[in-house]
There are 2 protein chains.
Amino acid sequence: MPKARLTPASVTEAAAALVDEVGFDNLSMGLLAERLGVKTPSLYKHVTSQAELAHRIAVLAMTEAGDTIRDAIQGRSGSDALAVGAQAMRTYVREHPGRYAAANATRPTGPDDPFIPASERVLASWAAMLSGYGLDPGQEIHAMRTLRSVLHGFATLEVAGGFQIDASVDESFTWLINFIDQGLRAGTASGGDAAR
Amino acid sequence: MPKARLTPASVTEAAAALVDEVGFDNLSMGLLAERLGVKTPSLYKHVTSQAELAHRIAVLAMTEAGDTIRDAIQGRSGSDALAVGAQAMRTYVREHPGRYAAANATRPTGPDDPFIPASERVLASWAAMLSGYGLDPGQEIHAMRTLRSVLHGFATLEVAGGFQIDASVDESFTWLINFIDQGLRAGTASGGDAAR
DNA sequence: AGCTAAAGGCTAACCGCATTAGCCACAGAG
DNA sequence: CTCTGTGGCTAATGCGGTTAGCCTTTAGCT
């Protein structure tokens, strides 16, 4: 057999790098093939379809994001964990907008889709971080969803160029994190007042 | 000339209805033509390209969303305005996921793009609502961005099926609104404490 | 009422891109 | 040294957006 220049993993990695440059919906088999110094149909020896390729990018992105967030939170707790975790996620999205878009475009294909555990690991990191606030158990799910909403919303709007005014976006993000932190701590203190 | 069965406006409206059903990235000229009882090339008598069609859907969506939010906030202020405004936006996105996706996929094409005033009207509604909290002027931009992030993030995650657990999503949303309201009011009271 | 012109629909054709079919060459196992 | 299967290639298919060019209908004018 000829030397395996390409592998499913290397193709996926190259595709991920590509979408970060050209945008997720500008991904094309021709462009990727060119990057890899190969003709388009050859890619199908390593990937069954463009849809599957996109899905692999999504799994890769979720896994990477999960690792990044976990590492950032590592050894920290409370406000500190929130701050670095949120910054880690925002940074990941800014550096890998195409991968993040791929992850958002993906739906699990079945019960054994590796995308599921990958995204659960992200959620687990957030849950661990939130547990440091000692929230009322019934409120944790709502706090989790609120946290995911802000972070996802902010990152999405930012990479889409949604923040036009020339006020510092960095500053807005730290303000946002602080806002969330204050709210979570207030909720803790008052034993659930913020949930009414 | 034959009777004008189709107009640019009616085609746009039909396309908007279509994307709400089949999803924004499943929009196709063939599908739309079929809906309108016409052959695909005939659409080009009313629309110059699929990209322009998508852009028109985006403008329509922004305009509709702006009207809905403005009407909801009308005559209310503070916590009340926040609650109904946020609910209005969430409802709009749930009822028109395709249009909302179109709006998010769109970038202004130029300085006289009608998309710009349409989105500014949405922002103006949020600004009017926020003004009721009497925030420090320097913080308004951050509060605005935070608000946009949560609402956009929540709505996006919800329509994407991102909230899996069977805890009530409605309940989470009212929790979220209350969380934001508390934070804004705290920021008001302490004269900017939440912004540190 | 009849003529004219252009709007608006249709068929045929083009093009780019994902995907498939089938061929060929090289490298590792025996 | 041969055999085999992997991994690349060229050629061809099909779908979807788009363009070209034709043809009918009808509003508006005489």
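Everything quoted here is computed from the prediction, not taken from an experiment. So that the names make sense, note that chain A is the first sequence line, chain B the second, and so on, each numbered from 1.
- Side-chain N/O atoms of Ser42(B) include one lying less than 4.0 angstrom from OP1 or OP2 on dC10(C).
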Please table the atom pairs, donor to acceptor, closer than 3.5 Å between any side-chain atom in residues 31-40 of chain B and protein atoms at least two apart or in another chain.
residue  : atom : partner  : partner atom : Å
Arg35(B) : NH1  : Glu21(B) : OE2          : 3.4
Arg35(B) : NH2  : Glu21(B) : OE1          : 2.7

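- As a whole-Å value, the separation of Leu36(A) CG from dG7(D) C1' is 14 Å.
- Atom P of nucleotide dA27(C) and atom CZ of Arg5(A) are separated by 13 Å, given to the nearest angstrom.
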* Structure fact -> Once base and sugar-phosphate atoms are separated, protein heavy atoms under 4.0 Å mark nucleotides 12-20 of chain C, 5' to 3', with B, S and - as B-----SBB

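- Applying the side chain to side chain donor-acceptor pair (under 3.5 Å) test to residues at least two apart or on different chains, the pairs with a partner in residues 107-118 of chain A are His55(A)-Asp113(A), Thr109(A)-Asp113(A).
- Between the base of dG9(C) and the side chain of Lys39(B) there is no donor-acceptor pair shorter than 3.5 Å.
- A search for side-chain hydrogen bond (donor to acceptor under 3.5 Å, both in side chains) contacts involving Asp166(A) returns nothing, not counting sequence neighbours.
- The distance from atom NZ of Lys45(B) to atom P of dT24(D) is 14 Å, rounded to the nearest whole Å.
- Side-chain nitrogen and oxygen atoms of His46(A) include at least one within less than 4.0 Å of the OP1 or OP2 phosphate oxygen of dG8(D).
- Using cut-offs of 30° and 60° for the angle between ring planes, the Tyr100(B) and His152(B) rings count as tilted.
- Considering only residues two or more places apart in sequence or on other chains, Gln50(A) meets the side-chain hydrogen bond (donor to acceptor under 3.5 Å, both in side chains) condition with none of them.
- Shown here are the side-chain hydrogen bond (donor to acceptor under 3.5 Å, both in side chains) partners of His96(A), two or more places apart in sequence or in another chain: Asp20(A), Arg99(A).
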